[in-house]
Number of protein chains: 2
Amino acid sequence: MRKISDSTVRRLSVYLRFLEQAKSPTISSGELARLGGTTSAQVRKDLSFFGSFGKRGLGYAVPELTRRIRDILGLERGYRVVLVGAGRMGGALVQYHGFRQRGFHITAIYDQDARKIGSRWNGLVVRDVKHLESDLKKDPSDIAIVATPAESAQQVVDRLVRSGVKAILNFAPVPLNVPPDVEVKTVNMALELETLSYSLANR
Amino acid sequence: MRKISDSTVRRLSVYLRFLEQAKSPTISSGELARLGGTTSAQVRKDLSFFGSFGKRGLGYAVPELTRRIRDILGLERGYRVVLVGAGRMGGALVQYHGFRQRGFHITAIYDQDARKIGSRWNGLVVRDVKHLESDLKKDPSDIAIVATPAESAQQVVDRLVRSGVKAILNFAPVPLNVPPDVEVKTVNMALELETLSYSLANR
DNA sequence: TCCGCATTGTGAACTATTTCACAATTGGCG
DNA sequence: CGCCAATTGTGAAATAGTTCACAATGCGGA
Ligand SMILES: NC(=O)c1ccc[n+]([C@@H]2O[C@H](COP(=O)([O-])OP(=O)(O)OC[C@H]3O[C@@H](n4cnc5c(N)ncnc54)[C@H](O)[C@@H]3O)[C@@H](O)[C@H]2O)c1
Ligand SMILES: NC(=O)c1ccc[n+]([C@@H]2O[C@H](COP(=O)([O-])OP(=O)(O)OC[C@H]3O[C@@H](n4cnc5c(N)ncnc54)[C@H](O)[C@@H]3O)[C@@H](O)[C@H]2O)c1
């Protein structure tokens with residue numbers, strides 16, 4: 001498959017959100033663009049990398065385009081997701097319905113702290129992180145969320161990678177080293193605030 | 001000032017993190033690149049937009065470069081930050097020390113829910129969001145964090161903008177409309193998971 | 001059936017970002 | 001003091017991403 005830019009994939013995800021909320025049976029690239037904060041040419045170009053899904057003069061059939069984008073993004077299958085780090089961020093994430101709605105199911109939670117192990121979180125019992133490898137051997141997951149302190153993040157990631165996890169959403173504010181067949185996205189909120197600071201400082 | 005790309009600003013923020021942890025008195029572009037996951041040419045180009053801070057043959061003096069980048073990013077001043085939405089995400093954010101460490105001080109928390117108003121969070125009393133405008137008139141803030149449900153996010157943002165807030169970190173998974181002099185960064189975690197899904201589906 | 005309008009799909013042009021490559025320095029050492 | 005090794009700063013080249021512009025439809029109505 002031709003190399004698709006990250007920005008295109010992110011926009012597809014944005015379009016998908018609006019398609020799922022659309023009430024009319026068809027939608028034009030212009031309308032999707034307006035909703036998603038881009039241009040109609042961009043919408044059409046993004047889609048054109050994957051095929052031609054529209055009808056000239058009419059636009060796109062909402063149900064079909066929705067299905068196509070879900071398919072492109074690999075959302076038709078569901079994902080089992082394990083969470084490591086049952087702290088404040090982990091707690092917010094576990095209760096967040098937005099993930100489940102989109103097919104990402106948190107199926108296990110791990111922590112190191114004896115006070116947390118055994119407690120019940122949103123129907124799941126927090127397990128000792130020492131069982132991470134053996135649990136993943138029995139019930140593999142493709143995706144893991146890392147919400148441990150920065151100091152332990154790399155070590156946790158190494159264990160996840162050894163256990164066959166192929167994609168990691170990382171909340172610790174450190175870049176992580178992984179082999180090339182593993183994908184990592186780091187959400188770094190302090191960094192986002194710093195870009196806001198930059199824009200305040202330079203106007 | 002010449003237009004600087006978002007990716008350059010984000011990398012500066014990453015370099016800054018490593019500079020703050022560096023133990024040697026000087027550092028080369030190659031070393032910063034290795035730590036930050038980029039190339040030495042990229043590091044030098046990023047810095048060159050703002051001046052020339054290094055010594056040929058030697059590298060960069062850590063304390064000076066640290067100061068320069070903090071200055072470029074506008075981090076030398078501190079920021080007052082208001083948080084709207086005292087839910088699970090808001091709770092995690094209020095307790096997060098990473099923001100304060102970098103000069104972002106949450107100074108007020110607002111919610112709509114009578115059960116939350118008046119409760120004490122990390123030393124701050126949650127206030128009724130109806131006081132938002134009057135409070136901001138007395139004590140202006142440049143930055144706000146929005147952690148309300150998606151449905152109320154735009155409405156909250158409109159009120160923040162009218163009260164003079166110039167930068168917003170948004171956790172609701174919706175694009176927000178703001179005037180051109182206001183900067184918004186949206187952190188969309190479900191979207192990050194979807195890009196991971198895409199990479200799993202296409203290998 | 002045929003016309004006119006709306007809108008797609010897509011090369012080509014343009015703009016932005018990254019990488020290359022090398023002259024210019026700096027400091028250390030013989 | 002002069003040479004060597006290291007490393008910066010930066011134009012120029014290469015790559016990547018966005019916007020333009022228009023021919024190619026498809027549909028609804030006369
Ligand atoms: N709280 C926030 O709003 C926020 C914001 C941005 C980033 N973060 C980042 O997210 C991460 C988690 O933050 P938090 O506020 O939830 O911290 P926290 O201290 O509340 O939670 C971290 C949890 O990880 C557990 N842990 C530590 N080492 C572990 C290991 N090796 N294996 C398994 N579990 C382990 C701890 O026992 C704790 O329960 C941190 O890296 C933080 O920098 C948090
Ligand atoms: N919890 C997570 O892990 C998570 C992850 C990703 C995104 N988000 C997003 O972050 C936002 C907050 O999520 P949450 O899980 O904390 O939700 P939550 O329901 O726990 O909290 C939302 C809070 O906002 C308050 N609120 C509602 N309308 C308001 C208004 N007009 N003014 C002031 N306060 C108002 C509610 O009373 C509630 O306390 C949502 O948009 C959600 O999609 C959350």
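Order of the sequence lines fixes the chain letters, A, B, ..., with proteins taken first and strands second; residue numbering starts at 1 for each chain. Because the structure is a prediction, the values reported are computed rather than measured. Just the heavy atoms: all of them, side chains too, but no hydrogens, waters or symmetry mates, feed the values below.
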Only distances under 3.5 Å count here; give the side-chain donor-acceptor pairs of residues 159-175 of chain B to other protein atoms, sequence neighbours excluded, each with its distance to 0.1 Å.
from, atom 1, to, atom 2, distance (Å)
R159(B), NE, E133(B), OE2, 2.8
R159(B), NH2, V129(B), O, 2.8
R159(B), NH2, E133(B), OE1, 3.0
S163(B), OG, R159(B), O, 2.9
K166(B), NZ, D181(B), OD2, 2.9
N170(B), OD1, A172(B), N, 2.9
N170(B), ND2, A172(B), O, 2.9
N170(B), ND2, V174(B), O, 3.2
N170(B), ND2, T186(B), OG1, 3.0

**Request:** Give a yes-or-no answer on whether the side chains of D158(B) and Q154(B) include a donor-acceptor pair shorter than 3.5 Å.
**Result:**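 Yes - a donor-acceptor pair under 3.5 Å links their side chains.
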**Message:** Both T38(B) and G59(A) contact DNA chain C. Taking the nearest nucleotide for each, which residue is further toward the 5' end?
**Reply:**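 Looking at DNA chain C, the more 5' nearest nucleotide goes with G59(A).
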**Of K45(B) and S5(A), the one whose closest DNA chain D nucleotide lies more 5'** =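 Looking at DNA chain D, the more 5' nearest nucleotide goes with K45(B).
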**Asked** In terms of the nearest nucleotide of DNA chain D, which residue is placed more toward the 5' end: K55(A) or R44(A)?
**Response**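 Looking at DNA chain D, the more 5' nearest nucleotide goes with R44(A).
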**Qualifying residues under side chain to side chain donor-acceptor pair (under 3.5 Å), relative to S7(A), sequence neighbours excluded** =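 In terms of side chain to side chain donor-acceptor pair (under 3.5 Å), with neighbours along the sequence ignored, S7(A) is linked to S5(A).
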**Partner residues of E20(A) under the side chain to side chain donor-acceptor pair (under 3.5 Å) criterion, sequence neighbours left out** =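 E20(A) satisfies side chain to side chain donor-acceptor pair (under 3.5 Å) with R70(A), R102(A) only.
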**Message:** Using whole Å, what does the distance between atom P of nucleotide dA16(C) and atom CZ of R11(B) come to?
**Reply:**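 Distance, rounded to whole Å: 16 Å.
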**Message:** For chain B and DNA chain D, what are the first and last nucleotides along the strand, 5' to 3', with at least one atom under 4.0 angstrom from a heavy atom of the protein chain?
**Reply:**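 Reading along DNA chain D, I get dA6(D) to dA12(D).
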**Request:** May I ask you to evaluate whether Q42(B) reaches the phosphate of dT19(C), defined as a side-chain N or O under 4.0 Å from OP1 or OP2?
**Result:**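 The answer is yes; a side-chain N or O of Q42(B) sits under 4.0 Å from OP1 or OP2.
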**Prompt:** Within the structure, does a side-chain N or O atom of S40(A) lie under 4.0 Å from either OP1 or OP2 of dT7(C)?
**Reply:**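 Looking at the OP1 and OP2 atoms of dT7(C), neither is under 4.0 Å from any side-chain N or O of S40(A).
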Throw together a table of side-chain donor-acceptor distances under 3.5 angstrom for residues 55-63 of chain A, partners on residues two or more places apart or in other chains.
none

**Message:** Using a strict heavy-atom distance below 4.0 Å, which residues from residues 60-69 of chain B are in contact with DNA chain C?
**Reply:**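 Residues of residues 60-69 of chain B that come under 4.0 Å of DNA chain C do not exist, since none gets that close.
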